[in-house]
Every structure is written in structure tokens, then in C-alpha cells.
Amino acid sequence: MLTKKQHELLIFINDRISETGVSPSFDEMKEALDLRSKSGIHRLITALEERGFIRRLPHRARALEVLRMPEGATVDTQPSPTQRGFRPAVVNADFKRAPAPSPRPAAAAMAGGSVDLPVLGRIAAGTPIEAIQHEVDRFAAPEAFLGKGDHYILEVQGESMIEAGIQDGDYVVIKRCNDAENGAIVVALVDDEEATLKRLRRKGASIALEAANPAFETRIYGPDRVAVQGKLVGLMRRYH
């Protein structure tokens, strides 16, 4: 899944390349998405690249190649965004920070000492999911596996945490919380729209979200840009 901004940027880049044969500049992308700075565009491009939607062509300025489009995306045969003004309506979702849930047990205990937990979609170990609040399934987890608190499950997509033993397709059990100790692996919401699974490092007044794969960069943010939405407490893996 892509965030709304990532989806909009991918559509804009694809339309511009189809129209002119050249990818748009960072200034053009910033203006099209109504962002305040180019750093936001850098983050979105990195996220799209990590997810395999685009790639940067080496030794060429402004060189991006669209590798694939999201499921259900269609080529727009109407005038391009640059001709009609960029007002895409490709995703209908609320990307605001979810309100804090009221305290409650993780779930009703099932027979055999297990607990029924909600699966709240996928999270990219490296890039975002759109929101951590939409239940798509339920899994039973051993009660002794959890401890106290409210828990949920996410399916991992991506390889940025493989050196922490977290692989693409794994299911991570997350304890819902709004803070975690330094070095914990957390679900972090960045700028109220990007959720990612990363190791939390506090560095002075900044917060670093650290990958466990040398191919992925550590990203550093101001403390007001990152909200912890849960802490990793368990892992489930399916063997085929």
C-alpha cells in the first residue's frame, strides 16, 4: 500500500514522463504536491524506490524510471496534471493520526490459552502503510506470548529489517504504546502519514529511525515529526 502523497507523486511522475519523456524536477514535484520543501519529495522518492515502483537512473540528472504502477491504476487519457493543474483524486482515505484507543484488553481469550488479535494490514519494513487502524483479519496468538496491554498484528513487507531477523512476509506482534525505550523496534508514524517498522534511536533532540539492513539508510527527524504507535513484542512466520 502507498500513502496518498506517494500515490499522487507516482501518478505525477508517470504522467510527466509519458507526456515529455523526461521526469519532472524536484521543484515541479514539490509544487505539484503542494509541499513546503524538497526534503519531503526526497522522502517520497526514496519510499517509492524502496517499494520497487521507481528507480533512479545513474549518471543522469532528473532521471527516474517508473517500474510498475499500483494495482488498479490506469493510464489517464485526459489532459496531463501539468495541463489541468495537479488535483489527483486517486486515494480516498484519512491519513491523520488515529486517536488513542481507550484502554481495553488485547482481545477475548480463546480456549487453549490463546488470544484472538486483529491483523491491521501490512507495514513496509522501510516504507509506509497508510493507516494502522483497518482490521483485515484475526489471528490466534499464545496468551503467554503477549503479556499485558493492547496488541495487534501487522504483515511485514520489505527487507530493511532482515538483520534483526524480520523478513518479508513475516507477521509482527505489536504492543500498542506511544513511547518506547532507546533501541526498541517500533511502529513509527512520520509526519502523520507514513508508518514504518524501524529501530528507535534518540540522538539529542532528534529521533533516528534505523534500518537493520546496510542497503537502507537511517533517517533522522525532529521529535515533533515522529509518533510511536507500538512496540515489537513478537514475530510469527509461515513456512511454505
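Computation of the quantities below employed the complete heavy-atom set of this structure, encompassing side-chain atoms and omitting hydrogens, waters and symmetry-equivalent molecules.
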Less than 4.5 Å apart, any side-chain heavy atom of [X] and any of [Y]?
{"X": "Lys4", "Y": "Gln6", "value": "no"}
{"X": "Met161", "Y": "Val156", "value": "no"}
{"X": "Phe216", "Y": "Asn213", "value": "yes"}
{"X": "Leu48", "Y": "Leu64", "value": "no"}
{"X": "Thr196", "Y": "Val187", "value": "no"}
{"X": "Val66", "Y": "Leu10", "value": "yes"}
{"X": "Leu9", "Y": "Ile45", "value": "yes"}
{"X": "Ile174", "Y": "Val233", "value": "no"}

Arg16 and Glu28 ion-paired at < 4.0 Å: yes
Electrostatic pair Arg202:Asp179 at N-O distance under 4.0 angstrom: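 The answer is yes: the pair qualifies as a salt bridge.
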Result of checking Glu65, Glu50, Glu49 against Arg55 for salt bridge (Lys or Arg N to Asp or Glu O under 4.0 Å): Glu65
Candidate pair Glu210 and Lys198, rule salt bridge (Lys or Arg N to Asp or Glu O under 4.0 Å), full reasoning: CA-CA 6 Å; Glu210 180 181 280; Lys198 284 289 189 295; over 6 Å; no
Residue pair Ile166, Ile185: steps toward the side chain to side chain contact (heavy atoms under 4.5 Å, CB included) verdict: CA-CA 11 Å; Ile166 303 170; Ile185 296 176; 4.1 Å; yes
Asp27 atom CG, neighbour heavy-atom count above 12 within 6.0 Å: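 Yes, the 6.0 Å shell around CG holds more than 12 heavy atoms from other groups.
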Which heavy-atom pair separates [X] from [Y] by the least distance, and what is that distance?
{"X": "Arg68", "Y": "Gly52", "result": "NE-O, 3.4 Å"}
{"X": "Asn182", "Y": "Arg201", "result": "OD1-CA, 3.1 Å"}
{"X": "Ala164", "Y": "Ala212", "result": "N-CB, 3.7 Å"}
{"X": "Phe53", "Y": "Pro70", "result": "CE2-N, 3.8 Å"}
{"X": "Met29", "Y": "Pro24", "result": "CE-O, 3.5 Å"}
{"X": "Ile17", "Y": "Ser23", "result": "CG1-CA, 3.7 Å"}

For the atom pair [atom1] ([X]) and [atom2] ([Y]), what is the distance rounded to the nearest 0.5 Å?
{"X": "Glu155", "Y": "Asp170", "atom1": "CD", "atom2": "CG", "value": "9.0 Å"}
{"X": "Leu67", "Y": "Ile54", "atom1": "CG", "atom2": "CD1", "value": "8.0 Å"}
{"X": "Phe139", "Y": "Leu117", "atom1": "CZ", "atom2": "CG", "value": "10.5 Å"}
{"X": "His151", "Y": "Arg176", "atom1": "NE2", "atom2": "CZ", "value": "10.5 Å"}
{"X": "Leu33", "Y": "Ile11", "atom1": "CG", "atom2": "CD1", "value": "11.5 Å"}
{"X": "Thr3", "Y": "Arg43", "atom1": "OG1", "atom2": "CZ", "value": "10.0 Å"}

Leu209 and Thr218: CA distance, side-chain angles, deciding distance, side chain to side chain contact (heavy atoms under 4.5 Å, CB included) verdict: CA-CA 6 Å; Leu209 298 180; Thr218 294; over 6 Å; no
Derivation of the side chain to side chain contact (heavy atoms under 4.5 Å, CB included) call for Arg237 and Gln167: CA-CA 9 Å; Arg237 179 171 300 158; Gln167 300 180 15; 3.8 Å; yes
Hydrophobic cluster identity match, Ile162 and Leu197, side-chain contacts under 4.5 Å: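 Hydrophobic grouping puts Ile162 apart from Leu197.
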Val228-Ile220 co-clustered via ILVMFWY side chain contacts under 4.5 Å: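 Not linked; separate clusters.
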Candidate pair Tyr221 and Val190, rule side chain to side chain contact (heavy atoms under 4.5 Å, CB included), full reasoning: CA-CA 8 Å; Tyr221 303 94; Val190 180; 3.6 Å; yes
Heavy-atom donor-acceptor pair, Asp168 side chain to Glu159 backbone, under 3.5 Å: no
Test item: Arg225 side-chain N/O and Asp191 main-chain N/O as donor-acceptor pair under 3.5 Å: no
Gln157 and Arg51: CA distance, side-chain angles, deciding distance, side-chain hydrogen bond (donor to acceptor under 3.5 Å, both in side chains) verdict: CA-CA 9 Å; Gln157 191 171 37; Arg51 296 288 298 277; 3.3 Å; yes
